[in-house]
Every structure is written in structure tokens, then in C-alpha cells.
K.L.:
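Take this structure first; my questions come after.
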Amino acid sequence: MKLSLKAKTIISVVAFILVFVALILVATFFDFQISGILTKGILADGEYFATDFLGVMLEAVGCIPIYLMIAFALCVLFWSCLKVWNKKPLNIICAVICGIGVVVACWFAIKDSVGYIFEHTLARTGDITGNLEALDKFEHSAAVYGVEVVFALIMGALAILATMHFKPDTLKKLLRFVLATACAMLLANLLIMIIKDPVGRMRFRAINSTLGAGLIEEGVVKGYTPWYIANGQPSSDILDIFRNTYGVKDAFKSFPSGHTCSAGTVYALIMVPTLFGFKEKNKKGATVACWLVPVLYTALVAISRIMVGAHYMSDVTFGGTIAFISFVIMWEIFICKGSHFFAVFSKLKKTKATEEEPVDEDTQTVEIILSKEDLAACQSQEINIDITLDGE
């Protein structure tokens, strides 16, 4: 039996809510225990940084999707300026700006990864406090910046060349994709930024560290608290102690997971099948991949964040869900044009149509199509047509 769009939409929403509620219930009661299990053998007692290969690697590259998506969006704008918008020289100027933006986005992707690498390098020196200033200077030295810029230029050039064969029609479709993606990323990351500071949740690895354990024992900080408790940020003195000891500024910004939310930028792929008509082209495998790949990648990054003690299960669940919902909302608005929403709330669609296209009850237009012979007959003699309407 083939389900209607309304039925599919309702089933999908109910299934999503059930899965989300189940995950949050588990996390609410077993957050700390789950972190203890997944960090075992990876995060040593008294340490702040983990040494697991997968966890460290995904920590370094987990946020890259958001920068690469920005770079791709700017590539689309670059070629749209040259192929779709023909108003010279303004289009050329805008294309140059977009090209520079592509390189800058690639630079941020590299810089973010390098920052995490330096963070773990510092942790392995054995004397973080003594080497913090020296390593910080090296990280921000001209030599390191020079290497980052060179790789950013190469990545940016390759990205622009890889998208140069997009046709004008494809670019026009991708402009909708870019707009939807930009709005989704803005919404998701804005929510993360708004929530993090007021909640002020202490990270598992901060609690696990010697410094954190000592502060908890002294009653200076609370330690572990459930995700729904708002603690606020501790005093600047406490934050400075963590900064000077471990070189970190976010020991009390565990909830929700910004890393998982950034990884969730790959949810932009869910827009592709609708945008390019995969259903009409019978590309079922590609459609499944566009939904499955983002889920698997985001889940992998989420699990790795728990493994290194950076987040709890509830942190990553909310972080990934915020990204998912943001992209689904923008997909529905910009790509689907509200089709799923109006399928469920059909009365609203009728009301909207009535408001946009008012019908004049006194005047109606009837289109009559005549053959050449009938037209000649009408011209040669007077014809009277009597029309009787019901109710008159």
C-alpha cells in the first residue's frame, strides 16, 4: 500500500520524536556512567586530554564540515556571478570577493584542525604551564600562518576548479541550496552559542582532571550536573586556572555539543534529492545515501566526543538534533516549499490560496475555444447565447 505524503510526514515526525525522547531519557539517567564507560582506557585518571587515536583525530577534523560547506557555498556564488549574473563589472568584483572568501573558509578549516593538534601536543609535553606561552607563540607565528595560508590557497583553488563545470541551471538550483544551508547553519550555531554559557556544564574531562577534582572537593565548583540544570559560568579566576593549567577556555561549556552540531552540517545533503529530482529519476540508492551518510558521520563524531571526555551523551544528542532540525526546517521552507507542512495541515493551504487568489463572485471568465469553421459562422451571422446559472 502506497502511503500519502501526509501519512509519511506524520510517521517520520513521530518516529523522530520517539527516538529523540528515548535517547534523552537514557542520557538523563545514565549520562555520567556512559561517559565513564566510553572513556575507560582512553582518558587516564587525573588527566584532561585523552590519547585515543580516533577520538583525537575526530576532535581535530569534526568541525571541518561547517567550513567546507561555507567554501562550497562561496564557490557556487563565485560561478553564479560569472555565469548567471551578467552585470559587468559588478559581477566580476563580487566573484573576486567570493573567491577570496573560499580561501578564507579553507584557512579556517585548517586553522581549526591545527589548533586541536597543538592542544594535544601541549598536553604531551608533560609541563603544560611551563610550555603554554612558548607553544602559543609558535602556533600564532608567521611560519605557521604561512603554511596554513599556502594550503588554504591550494584547497581554495581546487574547490573553485572542481565546481567550474556547473551549468547555469544547476547554479540556479544550488543558489536555493546555499540560501537554505546558510540559514540552517546560522540558526543551529546561534542556538548553541545562546545555550552554552547559561548552562555552564562542567565537562567530564574537567571533572576527571586533577585540578577539577580538587576544586570539586573544596566546593568551589559543583562538578557533574544534569543537562537541564543552569549553572552559569564560574568566576574568571576559575576559568583562568584551567586556561593556565591546560590551555583551555571552555571547561564549563559542555552542553550542548558545538562539535557535534558543526559535524551535523553534513545534514545539508538531505536537500539534494528533492532539489535535483532523485525520485523522478528513480535514484533510490542516492537518496538513501544522502540521508544515511549525514546520520552516520554525525553519530561517529558524537561518540568520539564522549570517548575523549569532552561531552556527555545528552550534550551530543542535543547538539546533533539542533543541527538536524535546523536543516530540516530550511529544507522544508526553501526546497520543499512547505509541501510536507501543508500536507498535514491542508486547511492552512486552502486558506492561504484563498487569501492570495480572491475570487470575484459577480464576475467569472469563461474561455471558449472555437474551430475556424465555427468562427466563420459566428462572423457571418448574429448568434445569441443564453446562459442560466443555478440559483438565479
Side-chain angles (χ1 to χ4, degrees), residues 9 12-13 16 20 58 61-80 98 101-102 104-106 108-109 112-113 155-156 158-160 162-163 166 169-193 256-279 281 283-302 316-341:
T9 303
S12 299
V13 171
F16 164 76
F20 175 74
L58 290 175
V61 303
C63 287
I64 281 184
I66 192 169
Y67 301 114
L68 295 185
M69 188 57 69
I70 293 172
F72 176 77
L74 290 169
C75 284
V76 171
L77 293 175
F78 175 87
W79 290 114
S80 295
C98 289
V102 172
V104 172
C106 290
F108 270 106
D112 188 71
S113 296
M155 286 177 60
L158 290 174
I160 291 173
T163 53
F166 286 162
D169 289 342
T170 302
L171 289 170
K172 288 177 182 178
K173 289 182 179 180
L174 286 174
L175 284 173
R176 289 167 56 198
F177 172 83
V178 167
L179 180 60
T181 300
C183 291
M185 289 191 298
L186 181 63
L187 174 61
N189 287 278
L190 187 60
L191 287 172
I192 296 292
M193 290 172 60
S257 173
H259 232 82
T260 310
C261 182
S262 295
T265 303
V266 294
Y267 280 122
L269 289 175
I270 67 176
M271 305 180 192
V272 173
T274 309
L275 192 64
F276 291 99
F278 282 11
K279 184 178 181 180
K281 297 175 182 177
K283 294 183 177 181
K284 295 181 180 179
T287 301
V288 172
C290 286
W291 281 87
L292 192 59
V293 170
V295 173
L296 292 177
Y297 178 77
T298 307
L300 181 62
V301 173
V316 298
T317 301
F318 272 96
T321 302
I322 287 172
F324 177 75
I325 292 176
S326 298
F327 278 95
V328 167
I329 289 173
M330 299 309 165
W331 169 59
E332 179 68 10
I333 293 172
F334 293 102
I335 310 299
C336 299
K337 304 295 184 181
S339 60
H340 298 88
F341 178 82

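Along the sequence shown, residues carry numbers from 1.
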K.L.:
Go through the steps to decide whether L300 and L58 satisfy the test side chain to side chain contact (heavy atoms under 4.5 Å, CB included), and finish with yes or no.
P.N.:
CA-CA 8 Å; L300 181 62; L58 290 175; 3.7 Å; yes
K.L.:
Could you check whether any side-chain heavy atom of T181 comes within less than 4.5 Å of a side-chain heavy atom of M330, counting everything from C-beta outward?
P.N.:
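No. Closest side-chain heavy atoms not under 4.5 Å.
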K.L.:
Distance check, rounded to the nearest 0.5 Å: I270 atom CD1 versus E332 atom CD?
P.N.:
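So the CD1 of I270 and the CD of E332 are separated by 10.5 Å.
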K.L.:
Rounded to the nearest 0.5 Å, how far does CZ of F108 lie from CG of L68?
P.N.:
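Reported value, rounded in 0.5 Å steps: 14.0 Å.
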K.L.:
For the OG1 atom of T317 and the CD1 atom of I322, what is their distance to the nearest 0.5 Å?
P.N.:
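Rounded to the nearest 0.5 Å, the OG1-CD1 separation comes out at 11.0 Å.
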K.L.:
Set out, in order, the CA-CA distance, both residues' side-chain angles and the distance that settles side chain to side chain contact (heavy atoms under 4.5 Å, CB included) for V76 and L175, then state yes or no.
P.N.:
CA-CA 7 Å; V76 171; L175 284 173; 4.2 Å; yes
K.L.:
Of all the heavy-atom pairs spanning C75 and I160, show the shortest one and how long it is.
P.N.:
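Scanning both residues, the minimum pair turns out to be SG-N, 3.8 Å.
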K.L.:
Closest heavy-atom contact between T274 and C336?
P.N.:
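Closest approach of T274 to C336, heavy atoms only: CG2-SG, 4.0 Å.
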K.L.:
Within this structure, what is the CZ-CG distance for the pair R176 and L275, rounded to the nearest 0.5 Å?
P.N.:
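It comes to 5.5 Å.
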K.L.:
Between atom CZ of F72 and atom OG1 of T163, what is the distance when rounded to the nearest 0.5 Å?
P.N.:
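One finds 7.0 Å between CZ of F72 and OG1 of T163.
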K.L.:
Heavy atoms only: give me the nearest P65-S262 pair and the separation to one decimal.
P.N.:
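Distance-wise, the nearest heavy atoms are CB-O, 3.8 Å.
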K.L.:
Going by side-chain contact (heavy atoms from CB on, under 4.5 Å), C183 matches just one of L179, L186, L187. Which one?
P.N.:
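Testing each of L179, L186, L187 against C183, the sole residue satisfying side-chain contact (heavy atoms from CB on, under 4.5 Å) is L179.
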K.L.:
Of all the heavy-atom pairs spanning S80 and L171, show the shortest one and how long it is.
P.N.:
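In terms of heavy atoms, the two residues are closest at OG-CB, 3.8 Å.
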K.L.:
Can you say whether the rings of W331 and H340 are parallel (under 30°), tilted (30 to 60°) or perpendicular (over 60°)?
P.N.:
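Tilted.
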K.L.:
Look up atom CG in D169 and atom CG in L174, then write down how far apart they are to the nearest 0.5 Å.
P.N.:
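Atom-to-atom, D169:CG and L174:CG are 11.0 Å apart.
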K.L.:
Grab the two heavy atoms, one from A323 and one from A188, that are nearest each other, plus how far apart they are.
P.N.:
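In terms of heavy atoms, the two residues are closest at CA-CB, 4.2 Å.
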K.L.:
Hey, are the side chains of I333 and F341 touching, using non-hydrogen atoms and a 4.5 Å cut-off?
P.N.:
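The answer is no; the side chains never approach within 4.5 Å.
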K.L.:
Considering non-hydrogen atoms only, spot the tightest contact between M69 and A268 and give its length.
P.N.:
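Shortest heavy-atom separation between M69 and A268 comes out as CE-CB, 3.7 Å.
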K.L.:
Run L74 and V178 through side chain to side chain contact (heavy atoms under 4.5 Å, CB included) and show every step you take.
P.N.:
CA-CA 9 Å; L74 290 169; V178 167; over 6 Å; no
K.L.:
For side chain to side chain contact (heavy atoms under 4.5 Å, CB included), just list the numbers for F16 and T321, CA-CA rounded to whole Å, side-chain angles, deciding distance to a tenth of an Å, and then say yes or no.
P.N.:
CA-CA 10 Å; F16 164 76; T321 302; 3.7 Å; yes
K.L.:
Would you say the ring centroid of F318 lies under 6.0 angstrom from that of F20?
P.N.:
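Between F318 and F20, the centre distance is under 6.0 Å.
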